[in-house]
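Written below as C-alpha cells is the structure these notes are about.
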Amino acid sequence: MDQIIIGFLGGLITGISPCILPVLPVIFLTAGAQSAKFEGQDDAIPAGRSRPYFVILGLMLSFTLVTLVGSLLLGALGLPADIIRWAGIIVLILIGVGLLVPQVERLLEKPFGWIPSKNVKNRGNGFGVGLALGAVFVPCAGPVLAAIIVAGSTGQIGVGTIMLTTAFAAGVAVPLLIFALAGRGVVERIRAFRTHERGLRIAAGVAMLGLAVGLIFNVPQALQQLVPDYTAGLQKDLSESDAGESALGLGGLVTDENRQLDNCESGADELAECGTAPAIRGIEQWLNTPNGEPIDIADLKGNVVLIDFWAYSCINCQRAIPHVNAWYEAYADSGLQIIGVHSPEYAFEKNPDNVAAGAKDFGIAYPIALDNSLSTWTAYRNRYWPAHYLIDASGVVRAISFGEGNYATTEMLIRELLEDANPGVALPPATETADETPEIGATTPETFLGSSKDVNYGAAEPYRSGEGSFAFPQEQPADSFALAGDWTIETQFATPTTQSASIRLNFRAAEVRMVLAGSGTIIVRDEDGKERTITVNGTPRSYALVDGSALSSGQLTVEVSPGVEAYSFTFG
C-alpha cells in the first residue's frame with residue numbers, strides 16, 4: 001500500500017512541477033483539436049469527449065512501459081539508450097503533420113481504430129498522441145522517479161516497482177488530464193474555436209512540431225532550468241517520511257547492485273567488502289575529460305577510485321574539496337582516479353556552465369560527471385553532500401565516508417589500497433591539508449531563504465511564497481534570520497520587491513558565506529557599525545561575509561538591493 005500512496009503523491013507533485021510545462025500546450029490543443037472532417041459534415045464540432053482521456057491514457061501507458069522495461073529491452077537488443085526518445089520525436093513529427101494534413105492523421109490513427117469512441121463522427125481518439133508524448137516525457141527527477149529508474153536499469157522489477165510506477169504515472173496523469181479536459185472544454189464552449197476548426201488543428205500541429213524540434217535541441221531542458229522547482233520541498237518531505245523510505249526501498253533504491261553497500265560503515269578506519277561499485281549512469285555531461293568523453297567505472301579496474309558526490313554551492317563540499325584536490329595531486333601518478341559526481345541540490349546547479357565555473361574556482365582538475373537526474377546518486381543510495389566512496393583496483397567498494405571530516409582516515413585507506421594494488425609502490429608523504437570541519441552543533445546550521453525549505457526563520461509573521469512586507473522582531477532568537485522591508489519570496493530564494501530591503505542574521509561561526517545571484521549590491525554591517533559593500537553579478541555563487549579564524553557569536557545586517565537573489569547562508 002505504501003508504494004501506491006507514495007507513488008501517486010510523487011506523481012501528483014511531479015504533475016504540477018515545472019517539468020511538465022513543455023508538454024502542456026500540446027496536451028491542451030490536441031485534446032480539443034477535432035479529427036479530420038468527413039464528407040458531408042458541414043459544421044465543425046470539437047473532438048470527441050473521450051479524446052482527452054485517450055491522450056492521457058496513451059501517455060500513461062507509454063511512459064510506464066518506457067520507464068520500467070525500456071532500459072531492459074534496449075540492453076537485450078543492444079540498441080542505443082536514446083532510441084526510444086528519437087522514436088517518440090519522429091512520431092510527434094508525424095502526428096504534427098497529420099494535424100496539418102487530415103489524410104495523414106487518418107492513416108496514423110487507423111491502427112488504433114479498435115479502441116471505442118462514442119463520437120462516431122470523430123474517429124481520432126488521441127491514443128497515438130499520448131503514446132508519443134509518453135515516450136519523450138521526462139519528468140523532473142524526484143525521489144520516486146529515481147527509485148523507478150534504478151529498478152528499471154538494474155532489472156529489479158518486481159510487484160512493488162510496478163505498483164510504484166503505475167501509481168506514479170496515475171499521479172502525473174491527474175493534473176495533465178485536468179489540463180486536457182480544460183482544452184476540450186474551451187473548444188466546446190467557445191464558438192470561435194468550433195467555427196475555425198481548421199485554425200485550431202493548425203495550432204495543434206504547429207505546437208506538436210514545435211515540441212519535437214525543441215526536444216531535438218534540448219529546449220525544454222533549458223526552459224526548465226529557468227523555472228525554479230517549486231515542488232522540491234514537497235518531494236523532499238515525501239521521500240523522507242517513513243512511508244516514503246519504505247516504498248522507495250521496495251521501489252528499487254536497494255538493488256542487488258548496491259545492496260552490499262550496507263557492509264560499509266561510514267567513517268570506519270578499516271577496509272570492508274561492500275560489493276562491486278555501481279555503474280556511473282544517467283550523466284548529462286562530463287567535464288575535465290578529453291573532448292568530454294564519458295568514463296565507465298568498469299574500465300578503471302587496476303586503479304583505486306574515489307567517487308566524490310558534491311554540489312558546487314554546498315559549503316560542506318567546499319570545505320572538503322581542498323582535501324580531494326590534494327589527494328588527486330599527490331596520488332594520481334600512483335594509480336588513484338577521482339571522479340566528482342556533481343549531484344545538484346538547487347535548480348541552478350544543473351547548469352553545466354555554473355558547475356564548470358565553480359570547478360574552476362575550486363581548482364578541480366579531476367573528471368566531473370553532471371548527475372542532474374540524480375541517477376548515479378540513487379544507484380549509490382547516497383544521501384549526503386559530500387560523500388566519498390573508495391573503490392579498490394578490482395572494482396569493489398571498500399570504504400564510505402558521509403559528510404565532512406574523517407579526511408586522515410580516508411587518506412590512510414587510499415594509501416593502503418594503492419599499496420595493495422601495486423606492492424612496493426613509492427608513495428609521496430601524506431598530505432597535510434588542515435581539517436577545518438566545525439564541531440557538530442558548533443555553528444549555525446545552513447540557512448535557506450526560499451519558501452520550499454526555509455529554516456531558522458526568527459520572526460512571528462508567516463514565511464511563505466509571494467510578496468510581503470516584513471519587520472525585524474524586537475527579540476530575535478540565536479541562529480536565526482529575519483527580514484525587513486518588502487520582499488518577494490520564491491521557492492529557492494528571496495529578493496527585494498521594489499527597493500532595498502534587509503536581512504538580520506544571528507549566527508555562531510568563524511566563517512559566514514551567502515549564496516547570491518542576479519545583479520546589484522549588498523551592504524554588510526556588523527554589530528560595531530562597520531560596513532562593506534559587495535557587488536553581486538552573474539550566476540549563483542558563494543560570497544564571503546565573515547572570514548574569521550575562530551568561532552564566535554555575532555549579528556550581521558545585510559542590505560540587499562533590487563535585482564539580487566538571496567539563496568542561503570552557510571557557516572564554517
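Keep in mind that what you see is a predicted model, and the values were worked out from it rather than measured.
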task = Could you walk me through whether Leu336 and Tyr328 pass the side chain to side chain contact (heavy atoms under 4.5 Å, CB included) test, one step at a time?
result = CA-CA 7 Å; Leu336 176 66; Tyr328 186 67; 5.6 Å; no

key: Side-chain ion pair, Arg281 and Glu257, N-O less than 4.0 Å   =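 Here Arg281 pairs with Glu257 in a salt bridge, since their nearest N and O are under 4.0 Å apart.
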
When you compare the side chain of [Y] with that of [X], does any pair of heavy atoms fall below 4.5 Å?
X: Pro352; Y: Glu284; answer: yes
X: Gln318; Y: Thr570; answer: no
X: Pro386; Y: Ser401; answer: no
X: Val515; Y: Phe493; answer: no
X: Val536; Y: Tyr543; answer: yes
X: Thr289; Y: Ile295; answer: yes
X: His342; Y: Tyr312; answer: yes
X: Leu516; Y: Ile522; answer: yes

Among residues at least two apart in sequence or on other chains, which ones pass side chain to side chain contact (heavy atoms under 4.5 Å, CB included) with [X]?
X: Asp361; value: none
X: Gln260; value: Asn263
X: Val546; value: Phe507, Val512, Leu556
X: Asn325; value: Ile321, Ile364, Tyr366

List the atom of [X], the atom of [Y], and the distance in Å for their closest heavy-atom pair.
X: Ile16; Y: Pro175; result: CG2-CG, 4.0 Å
X: Ser334; Y: Ala426; result: OG-O, 4.4 Å
X: Tyr463; Y: Ala494; result: OH-CB, 4.1 Å
X: Leu300; Y: Ile339; result: CD1-CD1, 3.9 Å
X: Pro477; Y: Gly458; result: CD-O, 3.5 Å
X: Met514; Y: Val558; result: SD-CG1, 4.2 Å

Donor-acceptor pair, distance only, cut-off 3.5 Å: does the side chain of [X] make one with the backbone of [Y]?
X: Arg415; Y: Pro428; answer: yes
X: Trp286; Y: Gly292; answer: no
X: Asp371; Y: Trp377; answer: yes
X: Arg508; Y: Ser552; answer: no

message = For Ile400 and Leu390: C-alpha separation, side-chain torsions, deciding distance, then whether side chain to side chain contact (heavy atoms under 4.5 Å, CB included) applies.
response = CA-CA 6 Å; Ile400 297 175; Leu390 189 56; over 6 Å; no

Interatomic spacing from [atom1] in [X] to [atom2] in [Y] - rounded to 0.5 Å:
X: Leu287; Y: Leu370; atom1: CG; atom2: CG; value: 4.5 Å
X: Leu306; Y: Ile391; atom1: CG; atom2: CD1; value: 8.0 Å
X: Leu418; Y: Asn422; atom1: CG; atom2: CG; value: 8.5 Å
X: Ile338; Y: Ile368; atom1: CD1; atom2: CD1; value: 11.0 Å
X: Glu273; Y: Asp392; atom1: CD; atom2: CG; value: 7.0 Å
X: Asn406; Y: Thr409; atom1: CG; atom2: OG1; value: 4.0 Å

message = Angle between ring planes, His388 versus Tyr407, binned at 30° and 60°: parallel, tilted or perpendicular?
response =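 The rings of His388 and Tyr407 sit tilted, inter-plane angle from 30° to 60°.
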
key: Gln337 versus Asn303, side-chain donor and acceptor atoms under 3.5 Å   =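 On atom types as modelled, these side chains do not qualify, holding no pair under 3.5 Å.
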
query = Any luck finding a side-chain donor-acceptor pair between Ser542 and Arg513 under 3.5 Å?
reply =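 On atom types as modelled, these side chains qualify, holding a pair under 3.5 Å.
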
inquiry  = Checking Leu505 against Leu545 for the side chain to side chain contact (heavy atoms under 4.5 Å, CB included) test, could you report, in this order, the C-alpha distance in whole Å, the side-chain angles of both residues, the deciding distance, and whether it holds?
reply    = CA-CA 11 Å; Leu505 176 72; Leu545 308 188; 5.6 Å; no

[X] [atom1]: over 12 foreign heavy atoms closer than 6.0 Å:
X: Glu329; atom1: CD; result: no
X: Asp333; atom1: CG; result: no
X: Glu270; atom1: CD; result: no

inquiry  = Please tell me whether Phe481 and Tyr457 form a close aromatic pair, meaning their ring centres lie under 6.0 Å apart.
reply    =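 That pair passes the under 6.0 Å test.
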
request  = Could you list the residues that satisfy ring-ring contact (aromatic ring centres under 6.0 Å, His included) with Tyr380, not counting sequence neighbours?
outcome  =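 Residues passing ring-ring contact (aromatic ring centres under 6.0 Å, His included) with Tyr380: Phe309, Tyr389.
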
Thr431: side chain to side chain donor-acceptor pair (under 3.5 Å) partners, not counting sequence neighbours =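 Testing Thr431 for side chain to side chain donor-acceptor pair (under 3.5 Å), a comparison that skips the adjacent residues, returns Glu411.
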
key: Derivation and outcome, side chain to side chain contact (heavy atoms under 4.5 Å, CB included), residues Thr166 and Phe8   = CA-CA 8 Å; Thr166 305; Phe8 183 81; over 6 Å; no

